[in-house]
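Each chain gets a letter, A, B and so on, in the order its sequence line appears, and its residues count up from 1.
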Amino acid sequence: MTQFLLIIRPHLLSALAALSLIGCSTISRYDQTAYANATSAKVEALTLLDKATGIYASHREDIEAVTITLKKGYEYDRGRSLNTDSIEMWESILLEKTDDPDSGTYTRFISLWKAQGKISAAAIPGKKTRLALAFDKLITLENGKIH
Amino acid sequence: MPDFDLSQIGKDIAELATRLFQQHTQQVIADGQQFASDMQAAALELVRTRADITAAEYDDGKRDLRLLARMEGIKQRGLSKVTIDRFTNGVIDIVLEAAEAAL
């Protein structure tokens, strides 16, 4: 019996080690690129909001650039396995859904900017606070994952 | 040849569970308090500016508040999964160490 255990020992330990690495995850591990994507997107989006008292048409290129940054972050996270919670966070920020009028806080604001031509100065600080909180939830979740 | 020390494994797993889930509970409580404070401040800010913003901007703010509540739930769901993963990984580490000691 002892001899048998000695023979299988390397295989048993390897199997247990492999199980510890891949066997029991319910959510993706921390990803430095995903974290950087989210923090960059937050900074760029909040900076853009400061321009929203100006005419929408004059800032179309700025809006496009920031929107692309956000979409890149979303697409990166969509490509990670076991990452549904972060994807749902990105969609809450980025995707306007016809069956969910609360969704897409960033894109909803851009649509409003376009519809109104410009945003009231008094509306900007509150929107920045709320958008920052939304990004913070995404960033906190990523940072809270196993490093 | 030593055997698995099942009694010690049980104790180690119990300690791990107690530590991880106590930490998680404390974090959920702290997050809940912070969330309530953030929502109160955001709602007050929105109401205070109501006379100076358009109806659509006000509506956007209300939608944001509802969305933030939902996102807090998503965040907590994700962090709960992280705690479960830490626990299961910890259990495997405990069993692995016991196996190495037994062989």
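Options A:Thr105, A:Ile93, A:Thr84 differ in how many heavy-atom pairs under 4.5 Å they form with chain B, and the most are formed by A:Thr105. In terms of non-hydrogen atom pairs under 4.5 Å with chain B, the most contact-rich of A:Pro125, A:Ala121, A:Ser103 is A:Pro125. Across A:Gly126, A:Pro101, A:Gly104, the residue that shares the most heavy-atom pairs under 4.5 angstrom with chain B is A:Pro101.
Contacts between residues 55-77 of chain B and chain A, defined by a heavy-atom separation under 4.5 Å, are made by B:Ala56, B:Glu57, B:Asp60, B:Gly61, B:Arg63, B:Asp64, B:Leu65, B:Arg66, B:Leu67, B:Leu68, B:Arg70, B:Met71, B:Glu72, B:Ile74, B:Lys75, B:Arg77. When the heavy atoms of residues 24-48 of chain B are compared with those of chain A, the residues falling under 4.5 Å are B:Phe35, B:Asp38, B:Ala42, B:Glu45, B:Leu46, listed by number. The interface of residues 134-147 of chain A with chain B, defined by heavy-atom distances below 4.5 Å, comprises A:Ala134, A:Lys137, A:Thr140, A:Leu141, A:Gly144, A:Lys145, A:Ile146. Scanning residues 7-18 of chain B against chain A with a 4.5 Å heavy-atom cutoff picks out nothing at all.
Rounding to the nearest 0.5 Å gives a distance of 3.5 Å between OG1 of A:Thr26 and CG of B:Asp85.
When the shell of 6.0 Å around CZ of B:Arg50 is examined, it contains 12 or fewer heavy atoms from other residues, nucleotides or ligands. No more than 12 heavy atoms of other residues, nucleotides or ligands lie within 6.0 Å of NZ in A:Lys114, so this atom counts as exposed by the packing criterion. By the 6.0 Å contact criterion, CD on A:Gln32 is enclosed, its count of non-hydrogen atoms from other residues, nucleotides or ligands being greater than 12.
Note on B:Ile84: it does not cluster hydrophobically with B:Leu79, by side-chain heavy-atom contacts below 4.5 Å among ILVMFWY residues. In the hydrophobic clustering of this structure, B:Phe21 does not group with B:Val82; members are Ile, Leu, Val, Met, Phe, Trp, Tyr whose side-chain heavy atoms approach within less than 4.5 Å, directly or through other members. Taking hydrophobic clusters as Ile, Leu, Val, Met, Phe, Trp and Tyr residues chained together by side-chain heavy-atom distances below 4.5 Å, A:Leu95 shares a cluster with A:Leu112. Cluster membership for A:Phe109 and A:Ile63, using ILVMFWY side-chain heavy atoms within less than 4.5 angstrom, is shared.
There is no contact between A:Ser28 and chain B, counting heavy-atom distances below 4.5 Å. Only the side chain of A:Thr129 comes within contact range of chain B, with at least one heavy atom under 4.5 Å from a heavy atom of that chain. At a 4.5 Å heavy-atom cutoff, the contact between A:Leu133 and chain B is made by backbone and side-chain atoms alike. Of the two parts of A:Ile119, the backbone and the side chain both hold a non-hydrogen atom closer than 4.5 Å to a non-hydrogen atom of chain B.
Nearest heavy atom pair, residue A:Ser120 against residue B:Ile53, reads OG-CA, 3.9 Å. Heavy-atom minimum distance, B:Asn89 versus A:Arg29: ND2-NH1, 4.4 Å.
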